[in-house]
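Just so we're clear, the structure is a prediction, and the values are computed from it rather than from any experiment.
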Amino acid sequence: MTRRRGGTVAARSASSSPSPPTPAAPTRAPRRRAEGLARRRSLTGLLLISPALLLVAVFFLAPLGLTVWMSFHKWPLLGTPEWSGFDNYAAIPGDRTFLDALGYTVLYTVIITPLLLFIGLGLAFLVRDQRRGVGIFRTVWFLPYVFGFASSAYLFLWLFDSSVGFVDPVLMDLGLTDAPVQWMNSADTATMAVIVMVVWKVVGFQMLLLMAGLQSVPDEVNEAALMDGSGRWSTLLRITLPLLRRHVALVLVFSVSGSMLAFEQFFIMTGGGPGNETLTVVNWIYNSSFANFQLGYGSALSVLLLVLLMIVNGIQLFLLRERD
Amino acid sequence: MSRSAPPRRGARLVAALLAVCALAVTGCGGGGDQGGPVTLDLWARSDQAGFMEDIVDAFNSAHDDVQVELTLLPATNFVQKLGVAVASDAGPDLASIDLVYVPFFASSGVLADITERSEGLPDIDALSAPHLDQGTYQDRRYALPFTGEASLLFYNKDLFRQAGLDPAQPPRDWEEFTEAARRISDLGEDVHGYHFSGRCGGCNVFTLSPFIWAAGGNVVEGEAGEERPVVGEDPAVTRALELYRTLWHDGLTAPQAAADTGAQALALFGSGRIGMYPTGAFALDEIRSTYPDVDFGVTPIPGPEGGSSSFTGGDDIAITSGSDHQDAAWTFMEWSVRPDVQEMISGLGTVPIHTEVALGPYSERGPEYATLAEALVNGRTIRSVQENALFNAGTSPWATMIARGVFGESPDSVERAVAEAQDAMANILSRG
């Protein structure tokens with residue numbers, strides 16, 4: 001997951017960075033020489049990016065191709081794979097566990113995405129301006145993001161534990177609950193626990209992205225709006241947020257992709273339980289492949305998930321595109 | 001079915017080193033054919049460390065030409081590790097495999113065919129039948145019985161006495177069983193009549209299936225490879241789940257049951273606040289050594305109107321088809337099923353898979369051992385090439401059926417849960 005995210009960042013920053021200044025065409029020089037220079041330059045360029053291309057080919061394209069190839073086979077962990085055409089894909093609509101997992105994953109995404117966006121935006125406003133001590137807050141809120149997802153999940157699993165955890169005594173002291181809650185016994189409370197963990201863990205990163213966006217909005221624009229008699233809220237809604245469009249799009253793509261691919265937090269905290277009610281799509285792909293040993297079927301599910309993600313992100317980027 | 005004897009630190013280090021060796025080249029050191037002794041690699045699960053080390057030591061001191069090196073792998077992903085290693089030709093010579101997974105390995109062609117070799121075994125008919133069945137796939141034999149387990153109902157005699165029940169008369173049918181759970185639960189708020197690990201597929205294969213079998217039902221039918229799920233059709237499954245549902249919703253079961261993945265059960269019973277709890281031979285020794293104050297007895301898992309059943313568990317042992325030392329490996333297998341060896345093993349927390357030993361010297365050690373031996377000999381097991389996917393995995397239809405059927409709020413939970421499990425199991429088997 002991290003690798004994919006990293007890839008997106010790199011791709012975006014590469015495309016948004018200004019293209020290197022093209023040398024002014026020599027007015028009198030013969031065309032042929034200019035062409036030769038251009039060709040040499042593009043050859044040099046190709047050579048320079050070839051290590052990156054190689055890495056992409058080996059670590060992204062090859063596994064992707066293999067996954068697609070495997071999805072057309074009955075591919076047991078042991079024994080020889082057999083070509084099975086579209087059988088794996090045809091089995092998906094009859095797989096209730098997968099459909100339930102997809103429904104749950106979408107629900108989880110729909111809940112957590114706005115939460116992350118609004119909390120992230122709120123924090124971004126708080127730490128936008130350079131003033132004394134602001135660095136401490138930026139660091140504190142960002143710090144959980146550098147923890148591993150798995151270790152954070154274990155940490156919160158114990159915090160939410162009904163006998164030794166920290167959450168229950170606090171809730172009971174505040175008078176919100178009378179007895180320790182068995183958080184992982186019901187899908188609702190288990191989902192709440194996971195969401196609390198993920199918000200704590202990821203919101204600092206969203207904050208940082210949105211803060212960079214806020215800082216790129218020139219103060220003059222906001223001042224002009226205020227001078228024209230616009231209130232603070234309407235300045236926020238009509239001036240600042242529209243100018244933040246690209247940053248919001250980035251944050252949404254991150255959190256929608258991350259949530260649709262959610263795995264570790266559920267694998268560790270809920271194990272998909274109770275009764276598979278908190279089973280996510282990737283969790284089910286993992287189980288199909290490495291508990292059921294049906295690697296071909298797991299691959300088919302992965303390919304389907306990839307297509308779904310591409311569609312969802314495509315729609316998001318289309319809706320949030322710059323309209324001028 | 002989880003055992004938690006912590007392996008010694010040194011042993012763990014050795015095991016880790018061995019695993020690294022085994023992955024790097026097939027077998028460290030053991031050159032084999034150049035005159036010296038042949039060294040065999042034996043892979044087993046880490047939770048068997050206690051008796052596996054003793055077995056291997058006994059074999060090595062009795063043999064000069066063949067030596068066995070034990071590698072312990074984590075129990076939680078033993079099947080994956082062994083599968084991947086064997087598939088990439090880096091597997092061991094011998095593997096001790098939980099018998100529920102043996103049909104999967106046998107059906108995928110990674111175990112050596114020992115049909116002809118085993119015909120020469122003098123007392124093969126005296127070995128545990130469920131273990132032998134698991135090692136047979138399409139009329140060929142791929143594995144032999146190795147170590148045995150059986151599930152029983154453990155009960156706390158002190159709580160029986162306090163509740164006015166006769167500790168010499170444990171429940172013989174479901175009515176007596178529920179009544180005992182009710183009377184023990186009435187003893188106090190933190191005392192409960194029953195406990196089971198509600199979020200552990202494997203534990204419930206071991207302990208809930210016997211309730212179903214004792215009610216005349218089954219969960220899958222047919223030969224391994226052609227098996228068919230029957231959980232949604234067999235009324236015995238519904239009856240057993242309704243029994244558990246009553247125990248849970250009437251508050252006769254410890255509240256930890258819904259979330260217990262198998263890690264809490266033994267300690268709960270050891271705390272002396274649980275009346276009855278289904279488990280196996282490994283717990284017998286563990287409770288005695290860890291919780292010596294608990295006065296407990298064991299009894300077969302009862303059926304609804306009498307009768308009883310048990311899950312015959314434990315391990316089979318097999319030679320991998322990629323092993324270069326098939327003859328030497330067979331020497332170990334042949335040795336391991338001998339009555340005197342089985343008698344020695346049985347002192348180490350497992351039930352002997354040699355029925356004459358089980359019903360003879362093992363049973364003479366005490367009434368609990370006799371009950372265990374009886375249960376193993378009369379027990380059954382689950383035959384499926386997809387056992388892990390259908391039953392043991394955390395997301396399996398079986399685990400989901402228990403979570404939704406037993407703990408669900410709606411009164412038709414069981415009915416819906418068994419129907420869903422039937423569909424999900426058929427779906428997994430159809431994908432193959």
**Asked** Does the pair A:Gln182 and B:Gln256 meet the rule for a side chain to side chain contact (heavy atoms under 4.5 Å, CB included), with working shown?
**Response** CA-CA 9 Å; A:Gln182 301 278 347; B:Gln256 290 89 339; 5.5 Å; no
**Message:** I'd like to know whether A:Asn292 forms a side chain to side chain contact (heavy atoms under 4.5 Å, CB included) with B:Ile428, so could you lay out the CA-CA distance, the side-chain angles of the two residues, the decisive distance to 0.1 Å, and finally the verdict.
**Reply:** CA-CA 8 Å; A:Asn292 304 2; B:Ile428 288 173; 3.9 Å; yes
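Counted within 6.0 Å of CG on B:Asp190, heavy atoms from surrounding residues, nucleotides or ligands total more than 12; the atom is thus considered enclosed. Within a 6.0 Å radius of CG in B:Asp139, no more than 12 heavy atoms belonging to other residues, nucleotides or ligands are found.
Judged by distance alone, with hydrogens and angles left aside, the side-chain atoms of B:Gln80 form no donor-acceptor pair with the main-chain N or O of A:Ala291 at under 3.5 Å.
Summarising the geometry of A:Met184 relative to B:Arg199, their closest heavy-atom pair is O-NH2, 2.5 Å, with the distance given to 0.1 Å. Annotation for B:Ala259 and A:Asn185: closest pair CB-OD1, 3.0 Å, computed over non-hydrogen atoms.
At a threshold of 4.5 Å between non-hydrogen side-chain atoms, the residues A:Phe293 and B:Val79 count as touching.
With a threshold of 4.5 angstrom between heavy atoms, A:Pro76 does not approach chain B through any atom at all. Heavy atoms closer than 4.5 Å to chain B are found nowhere in A:Thr278, neither backbone nor side chain. Of the atoms belonging to B:Glu420, it is side-chain heavy atoms, and not backbone ones, that fall under 4.5 Å from chain A. Interface residue A:Leu77: backbone and side-chain heavy atoms are both found under 4.5 Å from chain B.
To the nearest 0.5 Å, atom CZ of residue A:Arg96 and atom CG of residue B:Asp423 are 7.5 Å apart.
Interface residues of residues 398-409 of chain B toward chain A, defined by a heavy-atom distance below 4.5 Å and sorted by number: B:Thr400, B:Ala403, B:Arg404. Within residues 98-112 of chain A, the residues having any heavy atom closer than 4.5 Å to a heavy atom of chain B are A:Asp100, listed by residue number.
Between chain A and the options B:Ser107, B:Ser108, B:Ala87, heavy-atom pairs under 4.5 Å are most frequent for B:Ser108.
Looking at A:Asn276, A:Asn287, A:Asn283 one by one, the single match for side-chain hydrogen bond (donor to acceptor under 3.5 Å, both in side chains) with B:Thr395 turns out to be A:Asn287.
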